[in-house]
Amino acid sequence: MNDFINVSIELINNAIILLAVVFLYTATDYDTETKSLGKKSLVGVLLGLSVIFVMSNPWELTTGLFFDSRSILYVITAQFFGWIPTLISMSIGMGYRIYVGGTGVYSGVLTIIFSSAVGIIFRYTKLKEHFSKSYLSYYAMGLFTHILTLLAFFALDNPLSIIRSTIIPYLVVYPIITMLIGIAIDNQRHRLDLNILIEKQRTLLKASLDSTTTMEMYALDQNICYLNFNEFHKNQMELFYGVKIKEGDDFLINIREPKMRLRLQQNIQKTLKGEVVIDSSEVEDTPGKFLEERFSPIYYQGSIVGCMVFSSEITDRKKYEASILYLSYNDALTGLYNRRYYQEKILSIDSEKNQPISVVICDINGLKIMNDAFGHDAGDELLKEVSFQLKQTFQTKGFVCRTGGDEFAAILSNTTYEQASFMADKLKQSLEKKNIRGMIVSVSFGIATKQQDEPIEVALRTAEEAMYKNKLFEISSHRNESIKTILNTLYEKNPREHKHSKRVSELCILMGKKLGFKNDDLNQLKAISNLHDIGKIAIDDSILNKPGKLTEDEWEIIKRHPEIGYRIISTSPEYAEIANDILSHHEKYDGTGYPRGLKGENIPIRARIIAIADAFDAMVSRRPYREPRSIEDAKKEILRCSGTQFDPKLVKIFLDILEKNPSVIE
């Protein structure tokens, strides 16, 4: 009994030495799953030396018969460090045991082999998956190892006696020690994995924070001192304040502008009380620069320990929002308020403090003609000029809005009817002195003043009715003047067109008389012959006067002039009746003309007449791209195109006129 107790005490002491060696390992940061062959070899050597140390402090039962805890060390080595460190440490351990010698050499070597094999089996097979808890697998591994160790004792003399002396330490104590060491190393491995994960996450977080060059991020503690910050915030602080910040520095001490410092302090203090604050404001010490700052509490174990601040510049966004707001209430072309603003503002201005309120409604005369004749750039120029003059005249008394394409309204507070009329008359006189592309600027006005007890809508209707009444008297004369101006402008640009129109007119009159036209019809025929090419005002001179052959695109532009002429002429009631003739003067009798492809009698007769006269004069006249053709050649061409391009009946009349009136040709 005393021998049993002594054996147990000695073996447990030896195991405790092993525990000390293992726990020294757990204080290191060695990764048991390292891929480095050099590190594995070094660990194998160190483990082999540890085995020698353990085996150097054995309990010796008889001479040459040693007992120690090497079985635990080898099974743990194989389980956690793999086969390379295990083989190296086995070689060292077996060599040392053979060197020591004695009756237990074979049993000692078998112990090393069996325990290493069990560790390798548990490491590289799925035996651990059969255990619900890892510590149970380590206990089972220790128990199985030491059953095999006891079996190795059969290589000794009198094995049963030895087994009886060592069975309790080997089957009770050593499996538990194996389990404890396994748990310790497992925890160490998890700690290392966790440290690696934390370091990776810290690196990733730092990289994420520093990757942005548009957002400042910094964390402050309860004393408003830096806990952390990203590189961009650090650079910004150095750029704007000339300071190199570090963790622990007072944040607010660097903010020199008092209002800015107070605003930041108040937002941080709100956050430290648990409030999330989002603040968009203009930077106090940099006018025109805007920041959006988000202040969020930092919690640790349920308590607020600091404040996280995200700050980004939103100057461009503010400018964009301002432009959107501006465009929602302002006309993009003229800069005046638009109809939306007008509809919202008209109700708010209707108050007693603004009495008397006068309304000025105005409409530009001839905007459509301007657009058709000279293009929309000219029309925009007209709109901008009128808008500028309106704003200059009325803005001191109220606001001016563009309420439609060519319509405007001025709402004037504390302005009598007489005052509004005086300003409008003065403005009208000023506008009529201006001209755009040779056309006089003409605007019709209507004025009304709100009576004290009536809604402002009544004054608006009254002013609008007055404007339309004035427009009836002004628009007709302005349109006629505009058409004359356009025609004169065309003739100034291309004197050839003036002579061409005059010759075509004479030929058309002769044909009209031959056809028995009355005076009114002859006058219309004269008008159409004079105006038939008015649409060319919108064609670029470089195309009209091109010396060479026109390209396909240029020819398509030339073919638009009948439509443009139609739009210009149709705006005037005086010329409305001949607008369709101008539109049709390049139609062909066989239906292959333009712009509508009319055929035969569907083409107005005046258009059929002018088509012949226009073509004949074009052939016998000098053009930039060719010399004139002879009279006889031109007659032959007219005859050749009879029934295709021209009305055959009219061709016969036309040729007969030329034959009997040679002076016309001259």
Side-chain angles (χ1 to χ4, degrees), residues 23 26-29 31 33 132-136 138 179-180 182-238 241 243-281 283-284 290-314 317:
F23 279 106
T26 61
T28 70
D29 287 334
D31 181 9
E33 301 298 327
S132 59
K133 302 292 183 181
S134 60
Y135 67 84
L136 293 177
Y138 297 138
M179 178 185 71
L180 293 175
I183 293 171
I185 296 177
D186 209 13
N187 288 340
Q188 168 72 350
R189 187 170 60 182
H190 286 311
R191 181 181 68 82
L192 291 174
D193 290 343
L194 185 60
N195 287 341
I196 292 169
L197 178 61
I198 290 171
E199 187 59 34
K200 285 181 179 179
Q201 291 177 337
R202 183 183 290 113
T203 303
L204 179 61
L205 178 60
K206 183 66 175 171
S208 299
L209 292 176
D210 289 338
S211 65
T212 176
T213 57
T214 59
M215 180 179 288
E216 296 179 56
M217 304 178 193
Y218 51 97
L220 306 171
D221 61 19
Q222 289 183 318
N223 297 318
I224 317 184
C225 294
Y226 283 113
L227 289 171
N228 208 336
F229 45 80
N230 69 346
E231 196 70 20
F232 184 58
H233 175 69
K234 177 184 176 182
N235 294 337
Q236 292 296 98
M237 292 297 290
E238 185 172 359
Y241 299 107
V243 295
K244 293 185 177 181
I245 59 174
K246 60 182 183 298
E247 293 179 10
D249 284 354
D250 188 326
F251 167 64
L252 292 174
I253 198 171
N254 297 315
I255 311 300
R256 303 187 187 102
E257 211 289 322
K259 291 182 180 178
M260 185 178 183
R261 184 168 57 249
L262 178 61
R263 175 177 61 82
L264 289 168
Q265 185 177 17
Q266 289 174 341
N267 288 336
I268 293 168
Q269 287 173 345
K270 288 179 184 177
T271 305
L272 292 174
K273 292 177 181 178
E275 187 177 343
V276 175
V277 179
I278 300 175
D279 181 26
S280 298
S281 57
V283 181
E284 289 82 352
F290 290 84
L291 292 179
E292 182 175 85
E293 295 165 313
R294 180 185 178 91
F295 302 81
S296 301
I298 300 174
Y299 288 92
Y300 179 72
Q301 294 183 348
S303 299
I304 297 174
V305 296
C307 168
M308 189 72 195
V309 184
F310 302 87
S311 176
S312 57
E313 185 175 350
I314 56 169
R317 193 182 85 189

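Across all their heavy atoms, Tyr241 and Arg256 have their closest contact at O-NH2, 2.7 Å. Pairing each heavy atom of Phe232 with each of Thr214, the nearest pair is CE2-C, 3.6 Å. Between Gly248 and Cys225 the shortest heavy-atom distance is O-CB, 3.7 Å. Heavy atoms only, all atoms of each residue included: Leu291 and Ser311 are closest at CD1-OG, 3.9 Å. Scanning all heavy atoms of the two residues, the minimum distance from Arg261 to Leu252 falls at CD-O, 3.5 Å. When all heavy atoms of Thr271 and Cys307 are compared, the closest pair comes out as CG2-SG, 3.7 Å.
In this structure, Ile253 places its CD1 atom where only 12 or fewer heavy-atom neighbours from other residues, nucleotides or ligands lie under 6.0 Å away.
Not counting sequence neighbours, the partners of Ser280 by the side-chain hydrogen bond (donor to acceptor under 3.5 Å, both in side chains) test are Glu292. Scored by the ring pair (Phe, Tyr, Trp, His ring centres under 6.0 Å) test, Tyr218 finds His233, Phe251 as partners (sequence neighbours excluded). In terms of the side-chain hydrogen bond (donor to acceptor under 3.5 Å, both in side chains) criterion, Lys273 has no residue partners (sequence neighbours excluded). By the side-chain hydrogen bond (donor to acceptor under 3.5 Å, both in side chains) test, Asp186 is found to be paired with Tyr138, Arg189, residues two or more places apart in sequence or in another chain being considered.
Here the CD1 atom belonging to Ile298 is positioned 10.0 Å from the CD1 atom belonging to Ile304, to the nearest 0.5 angstrom. Ile268 CD1 to Met308 CE: the interatomic distance, rounded to the nearest 0.5 Å, is 12.0 Å. Atom-to-atom distance recorded for Ile278:CD1 and Phe310:CZ is 11.0 Å, nearest 0.5 angstrom. Going from atom CD of Glu216 over to atom CZ of Phe229 covers 12.0 Å, rounded to the nearest 0.5 Å. Expressed to the nearest 0.5 Å, how far CD of Glu257 lies from CG of Leu264 amounts to 10.0 Å. We find the CD-CG distance between Gln266 and Asp279 to be 10.0 Å, quoted to the nearest 0.5 Å.
Side chain of Asp249 to main chain of Lys246: a donor-acceptor pair is present (N/O by atom type, distance under 3.5 Å, no hydrogens or angles). A distance-only check finds a donor-acceptor pair linking the side chain of Asp221 to the backbone of Asn223 [under 3.5 Å].
In this structure the side chain of Val276 never reaches within 4.5 angstrom of the side chain of Phe295, judged on heavy atoms.
Applying the salt bridge (charged side-chain N to carboxylate O under 4.0 Å, His left out) rule to pairs touching residues 293-305 yields Arg263-Glu293, sequence neighbours excluded. For residues 252-277, there are no ring-ring contact (aromatic ring centres under 6.0 Å, His included) pairs, not counting sequence neighbours.
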### Message
Show, in sequence, the C-alpha distance, side-chain angles and deciding distance for Glu247 and Asn228, and conclude whether the side chain to side chain contact (heavy atoms under 4.5 Å, CB included) test is met.
### Response
CA-CA 6 Å; Glu247 293 179 10; Asn228 208 336; 3.8 Å; yes
